[in-house]
Each structure stands twice: as C-alpha cells, then as structure tokens.
Novice: 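Have a look at this one before I ask anything.
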Amino acid sequence: TAIHFILCNLGLCAVTCAFLIIRRIFAERLSPGSGYALWYLYLILLALPFLPAGVFGLSDQVSSWLFPGSNAGTEVLFTAPSHTPAVPGSGQDWMNDFYLSAESSFPAILPVIVFTVWLIGMGAGAAFTFFVLYRTRKIRENALSVTSQSDPRLWQLYNRCLQTMNVQKNVSLYTSCSIDTPLSWGLVHPCIILPRDMDLFMTDSEIRYILLHEIQHYRRKDILVNFCVCLFGIVYWFNPLIRYVFRQIQTDREIACDN
C-alpha cells in the first residue's frame, strides 16, 4: 500500500541518518578500510524489505521494526500487509493503529499512482545502467591486451604489483583509447583497463601506484559492491538521502583503496 511504501522509506531514512551519525562520531577511530566496511551492513539493511521471511532468523523482527504494517519480510512496498493482533506493551499497537488510520485516509487511486511512478523511475534507471554496462563491455572488447610482447615495461610493472598484493588469480590488463581514467571490470573474468599510452607520460612509481589501487579494488570485491549499489540505486531512485549515501560509499571506496 502507499502508506506502507512511505513508512518503509521513513524507516530507511532513520537507519541512514544513524549510520551517518555513527560514522561521524567514530571517524577518527575508524581506519579507511573499516569505515568503508560499515557500508556492507548498510547494503544488507537495504535488502531486508525484499528478503523472504525468516532469512538469517532476523528479517521478521527487523522488518517489523523498520517497516511497520508488515509481519513478513516478503510483504514489501505495495503488497497489502496482513495485520496481526498487537501484543500489549510491545509498542506495536500504536504503530498498527497509526498505519490503519493513515491507510484509510489515502485515496484508493494513490497506491496505483505511486506504484506507476516508482516503476517508471526504475525503468529509466535500469535502462541507463544497462547502457553504461553495455558501453563498458564494448570498451573491454575493443581494448588492447597488455603482454610481455606488446608492452614489456607495463607488463613487468603489473606482475610485480600482483605479487606485492599476493594476487594468484589471473587478472588481465588492457589499455584503451576510449577512457581517460583507469577502471576495473568483470565479476567472473576480472580485468583492469588503463588509458592507452598512459605509461608514456608517467614514471614507474606513478604507474605502480595506479596499478596497486586498481588491484586493491579487485581484492576488496568492489566490483560486486558497486553492482549492489547500482541495483539499489535503481530501486531507491526517489530517495535523495540514500543516493547521497551511495556517493559517500564511492568516495570511501576510493580512499580505502588508496590506503
């Protein structure tokens, strides 16, 4: 229902504010890596409204607290929740009363309007995301593989960096004239793509720093995290506070890799 949709997002906003306050209070005590790792928990909380009932044994309790009006993790957003009798003294009775009174005051057409607008926004976000993924994939397909024959200097630097970071898996290295900044790509077949001829204008120390930074993205599984952020960005496109957090996650990710 529409009121359930609104209350869900109010709960998420409260959680978001709590995370931002906690990070600010402990900013000086947390290392860049620890501060970034806190966002993993936040991403899990964003998934709670969409988890089946009983997942991890906590989804029912947490969902009922964050998302009043629902007694199961699978009843999310626009599914009309079933209202169970309130337990005296549990604090849930006043929430259910508020939920029912607010729900009855909404026009019947409002849930349809809210749901339609939400779907349109998700469709636009999904289309843009798929376009970016398709473009990146094309960059990867047209990129030049770096080998000991094509670029001995860059190849040696890269292999030394892999050894330094203790990376055993084959993470391919490419160069492309279609990008201006380095990027990491691929969940199943990870790779690093550098701007073409970047090494001609940089010292070995500068190139090594860039390579170590990108390898650290691979070691931290940042590609997977970024995929989750993109997915939640599509679902919560309307929430400016959550979108602000996603920008903060991106900033913290880069700082964590630099350290």
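The first residue of the sequence shown is numbered 1, and numbering continues consecutively from there.
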Novice: For R137, does the CZ atom have more than 12 heavy-atom neighbours from other residues, nucleotides or ligands under 6.0 Å away?
Specialist: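 Atom CZ in R137 is not packed in, count stays at 12 or less.
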
Novice: Mind telling me whether F19 and Y42 have parallel, tilted or perpendicular rings, with 30° and 60° as the class edges?
Specialist: perpendicular

Novice: Please report the closest heavy-atom contact between C257 and R220, naming both atoms and the distance.
Specialist: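 Scanning both residues, the minimum pair turns out to be SG-CD, 4.1 Å.
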
Novice: Mind checking the CG-CG spacing from L154 to L173? Nearest 0.5 Å is all I need.
Specialist: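 That separation rounds to 5.0 Å.
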
Novice: Using modelled atom types only, decide if a donor and an acceptor are shared between the side chain of N226 and the backbone of D222 within a distance under 3.5 Å.
Specialist: no

Novice: Kindly write out the residues that satisfy ring-ring contact (aromatic ring centres under 6.0 Å, His included) with Y218, not counting sequence neighbours, or none if the list is empty.
Specialist: none

Novice: Apply side-chain hydrogen bond (donor to acceptor under 3.5 Å, both in side chains) to the pair Q163 and R160, showing each step before the final yes or no.
Specialist: CA-CA 5 Å; Q163 294 175 3; R160 286 201 294 267; over 6 Å; no

Novice: Check whether any side-chain heavy atom of F238 sits under 4.5 Å from a side-chain heavy atom of R243, and report yes or no.
Specialist: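 No; the side chains remain at least 4.5 Å from each other.
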
Novice: Which atoms form the tightest heavy-atom contact between M198 and I210, and what is the distance?
Specialist: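 Closest approach of M198 to I210, heavy atoms only: SD-CD1, 4.0 Å.
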
Novice: Applying a strict under-4.5 Å side-chain criterion to I, L, V, M, F, W and Y, I'd like to know whether F232 and Y244 cluster together.
Specialist: yes

Novice: Going by ring-ring contact (aromatic ring centres under 6.0 Å, His included), name the residues that satisfy it together with Y40, two or more places apart in sequence or in a different chain.
Specialist: Y36

Novice: Hey, can you tell me if H213 and H217 have their rings parallel, tilted or perpendicular (30° and 60° cut-offs)?
Specialist: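 Rings of H213 and H217: perpendicular, over 60°.
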
Novice: Enumerate the residue pairs fulfilling ring-ring contact (aromatic ring centres under 6.0 Å, His included) with a member in residues 124-144, sequence neighbours excluded, ordered by first and then second residue.
Specialist: none

Novice: May I ask whether W237 and V15 are part of the same hydrophobic cluster, defined by side-chain heavy atoms of I, L, V, M, F, W, Y residues being less than 4.5 angstrom apart, directly or through others?
Specialist: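 Yes, W237 connects to V15 through the hydrophobic network.
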
Novice: Ignoring hydrogens, what is the shortest heavy-atom contact between T164 and R208? Give both atom names and the distance.
Specialist: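 Of all heavy-atom pairs spanning T164 and R208, the closest is CG2-NH2, 4.0 Å.
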
Novice: I'd like to check the ring-ring contact (aromatic ring centres under 6.0 Å, His included) partners of H189; sequence neighbours left out, ordered by chain and number.
Specialist: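 With neighbours one apart ignored, the set is empty.
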
Novice: Once rounded to the nearest 0.5 Å, what's the spacing between atom CG of L162 and atom CD1 of I192?
Specialist: 7.0 Å

Novice: Would the distance check show the side chain of S34 and the main-chain N or O of L30 forming a donor-acceptor pair, the cut-off being under 3.5 Å?
Specialist: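 Checked: no pair found.
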
Novice: Taking the side chain as C-beta and beyond, is there a heavy-atom pair between I193 and T136 under 4.5 Å?
Specialist: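 Counting from C-beta outward, I193 and T136 never come under 4.5 Å.
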
Novice: Is there a side-chain contact between I139 and Y174 (heavy atoms, below 4.5 Å)?
Specialist: no

Novice: If we only count heavy atoms from C-beta on, is the M122 to L119 side-chain gap below 4.5 Å?
Specialist: yes

Novice: Write down the atom of Q216, the atom of M165, and the distance for their closest heavy-atom approach.
Specialist: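 Smallest interatomic distance, heavy atoms only, reads OE1-CE, 3.0 Å.
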
Novice: With heavy-atom distances below 4.5 Å as the criterion, would you say the side chains of W39 and R23 are in contact?
Specialist: yes

Novice: So how far is it from L12 CG to I242 CD1, rounded to the nearest 0.5 Å?
Specialist: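 Spacing of CG (L12) from CD1 (I242) equals 5.0 Å.
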
Novice: Using side-chain heavy atoms (C-beta onward) and a distance below 4.5 Å, is N239 in contact with C13?
Specialist: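 Sidechains of C13 and N239: in contact.
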
Novice: Is it possible for you to say whether I113 and W118 belong to one hydrophobic cluster, with membership spreading through side-chain heavy-atom contacts below 4.5 Å?
Specialist: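 Yes: a chain of side-chain contacts under 4.5 Å links I113 to W118.
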
Novice: Under a 4.5 Å cut-off applied to non-hydrogen side-chain atoms, are D252 and L38 in contact?
Specialist: no

Novice: Give, for atom CD of E206 and atom CG of D204, the distance between the pair rounded to the nearest 0.5 Å.
Specialist: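 So the gap between those two atoms works out to 9.5 Å.
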
Novice: ring-ring contact (aromatic ring centres under 6.0 Å, His included): which pairs involve residues 140-161, sequence neighbours left out?
Specialist: none

Novice: Do the side chain of D197 and the main chain of L200 share a donor and acceptor less than 3.5 angstrom apart?
Specialist: no

Novice: Sequence neighbours left out, cut at 3.5 Å: what donor-acceptor pairs do the side chains of residues 175-187 make with other protein atoms?
Specialist:
from : atom 1 : to   : atom 2 : distance (Å)
T175 : OG1    : R196 : NE     : 3.2
S176 : OG     : S178 : N      : 3.0
S184 : OG     : E214 : OE1    : 2.8

Novice: Should L194 and V167 be regarded as members of a common hydrophobic cluster, given that ILVMFWY residues are connected when their side-chain heavy atoms come within less than 4.5 Å of each other, either directly or indirectly?
Specialist: yes

Novice: Heavy-atom distance under 4.5 Å between the side chains of V229 and Q250, does that happen here?
Specialist: no

Novice: Nearest heavy-atom pair of I215 and C161: which atoms, and what distance?
Specialist: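 Nearest pair, atom of I215 first, then C161: CD1-CB, 3.7 Å.
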
Novice: First locate atom CG of L20, then atom CG of L241, and finally report the distance between them rounded to the nearest 0.5 Å.
Specialist: 6.0 Å

Novice: Are L41 and F246 in one and the same hydrophobic cluster, where Ile, Leu, Val, Met, Phe, Trp and Tyr link if side-chain heavy atoms are under 4.5 Å apart?
Specialist: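 Yes, L41 connects to F246 through the hydrophobic network.
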
Novice: What distance do L212 atom CG and L157 atom CG have between them, rounded to the nearest 0.5 Å?
Specialist: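 Going from CG on L212 over to CG on L157, the span is 10.0 Å.
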
